[in-house]
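Worksheet: the structure to be examined is printed underneath.
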Amino acid sequence: MKNFNYHQSTEIRFGIGRINELAETVKKYGNKVLLVTTATTNPAFEEQYTRVKKILRDGGVEVAHYDGVIPNPTIESITAGAEIARNFGAEVVVGLGGGSSMDSAKAISVAATHEGSCWDYLFYKSPQPDPEKLLPVIAVSTTSGTGSQVTQVAVVTNTQERDKSALYNNILYPEVCIIDPELMLTVPAFVTATTGFDVLCHAFESTINPGTGAYVDLLAWEAIAIVVKNLPKLLADLKDIKAREKMAWADTLAGLCIANAGVTLPHGMGMAIGGMYPQVAHGEALAIVYPAFVEFTWEAAIPQFSKLARILNPELNAVTDKEAAAQSQNEICRFLKQIQLNKKLRDVNMPENEIEKLADQCMVLPDYEGNPRVATKEDMIELIKSSF
């Protein structure tokens with residue numbers, strides 16, 4: 001068996017109704033909380049935010065609400081939240097929402113307590129944040145996709161440079177996460193599909209990343225099987241609380257995987273797409289590049305791709321590993337059609353004349369280097385052309 005490391009410092013509170021424990025949880029760390037969310041753009045959001053603020057205030061917690069989170073959070077949106085945290089004297093930050101809100105909470109914890117902006121503390125820069133200064137973060141997930149509630153990552157976009165990167169440090173793990181499937185019942189179909197596919201990608205890429213190991217493998221394949229069985233079922237009935245619960249569990253498993261192994265080529269490409277074209281959701285970007293990634297990579301990781309193909313289509317249990325792996329692109333494409341995410345870059349208004357520029361950006365983050373087959377610049381251009 002291969003040697004491996006596994007680290008997790010977030011207390012996980014999972015289950016229906018666990019949101020009612022939020023005030024009690026927050027008060028372990030302070031009495032003044034900054035609640036970080038997206039804007040109140042529909043009645044369901046407003047109802048949810050009102051409910052959470054009432055839980056906190058009824059529990060004796062003073063609340064300031066920053067509702068300026070945007071998809072693909074930017075330096076500016078993080079800075080605005082950090083300023084509110086400082087002026088309010090926040091002692092705790094609660095990120096309530098999907099990955100954008102939870103990542104924003106982590107980045108605000110840094111920006112509110114350190115000089116400069118969050119961009120000054122990206123994973124490759126020095127110095128890194130001081131753990132003694134950070135505000136404790138509590139993550140409350142309302143979607144099933146990013147795994148941010150159990151990771152040490154906060155993704156941020158630099159709009160001026162059209163670059164999307166990340167803070168990455170074990171001190172950024174949330175202190176506690178609350179995963180309550182009831183909070184996910186109002187998530188619309190498109191968000192359910194894109195975040196759900198992100199779960200599959202997190203889990204699968206962790207199995208082919210050099211940092212994988214027996215524990216990650218155990219979690220990853222369980223997550224993949226849950227997604228394949230439950231995501232189509234959930235999209236057929238968005239109020240299916242049992243399917244929501246299963247997807248929330250798969251998301252948590254996959255988040256634990258990427259926190260300890262990491263992602264590969266598609267995520268570097270997806271980050272680049274999100275940085276250059278912020279209108280594209282992260283899971284949507286992954287869906288666009290996955291068929292090309294699978295075709296490019298499968299021969300370099302036949303055991304993993306054959307297993308993926310067989311989960312997607314059990315009839316492939318009757319053929320050899322190589323034959324099953326060779327069908328993995330077809331099976332991924334079929335699954336993407338089933339969840340209505342069979343798209344191309346041209347469908348999300350990417351200009352064709354930016355193919356080479358996007359290829360350059362796809363090679364900024366090191367994710368592609370962890371792929372079983374490492375892409376050259378020429379390979380990356382062909383991958384994007386295939387995805388266009």
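- Side-chain contact between Phe123 and Val153: absent, with no pair of heavy atoms (C-beta onward) separated by less than 4.5 Å.
- Between the side chains of Asp198 and Thr195, no donor-acceptor pair of N or O atoms lies under 3.5 Å.
- Salt-bridge formation is not detected for the pair Arg244/Asp180: no Lys NZ or Arg NE/NH1/NH2 atom is positioned less than 4.0 Å from an Asp or Glu carboxylate oxygen.
- Side chains of Thr38 and Tyr49: a donor-acceptor N/O pair is present below 3.5 angstrom, by distance only.
- The aromatic rings of Phe4 and Tyr215 lie tilted to each other, with the angle between the two planes from 30° to 60°.
- For His65 and Thr37, the side-chain atoms include at least one donor-acceptor pair closer than 3.5 Å.
- Here Glu354 pairs with Arg162 in a salt bridge; the nearest charged N to carboxylate O distance falls below 4.0 Å.
- The heavy-atom pair separating Cys362 from Ile384 by the smallest distance is SG-CD1, 4.0 Å.
- When all heavy atoms of Lys125 and Trp119 are compared, the closest pair comes out as NZ-O, 3.0 Å.
- Looking at residues two or more places apart in sequence or on another chain, you find a side-chain contact (heavy atoms from CB on, under 4.5 Å) between Asp347 and Lys343, Lys344.
- For the pair Asp251 (side chain) and Met247 (backbone), a donor-acceptor distance under 3.5 Å is absent.
- Taking the six-membered ring for Trp, Tyr168 and Tyr124 have ring centres at least 6.0 Å apart.
- A donor-acceptor contact closer than 3.5 angstrom is absent between the side chains of Asn158 and Thr74.
- Panel note: side chain Ser386, backbone Glu382; no donor-acceptor pair is recorded below 3.5 Å.
- Between Tyr290 and Phe197, the ring planes are perpendicular. Angles over 60° get that label, and only those under 30° would be called parallel.
- Heavy-atom minimum distance, Ser104 versus Val36: CB-CG1, 4.0 Å.
- Counting heavy atoms from C-beta on, the side chains of Cys177 and Arg13 never come closer than 4.5 Å.
- In this structure a side-chain-to-backbone donor-acceptor pair under 3.5 Å is present from Asn209 to Val263.
- The minimum heavy-atom distance linking Thr40 with Glu46 is given by the pair CG2-CB, 3.1 Å.
- Between the side chains of Lys307 and Thr207, not a single donor N or O lies within less than 3.5 Å of an accepting N or O.
- Remark: the backbone N or O of Ile273 is not paired with any side-chain donor or acceptor of Gln361 at under 3.5 angstrom.
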> What do the steps show when you test Lys53 against Asp58 for salt bridge (charged side-chain N to carboxylate O under 4.0 Å, His left out), and what is the final call?
Replying inline: CA-CA 8 Å; Lys53 284 187 280 189; Asp58 286 353; over 6 Å; no
> Can you list the steps and then say if Glu331 with Asn313 is a side chain to side chain donor-acceptor pair (under 3.5 Å)?
Replying inline: CA-CA 7 Å; Glu331 296 305 328; Asn313 180 3; 3.2 Å; yes
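- For Glu47 and Thr50, the side-chain atoms include no donor-acceptor pair closer than 3.5 Å.
- The aromatic rings of Tyr173 and His7 sit tilted, their planes meeting at an angle between 30° and 60°.
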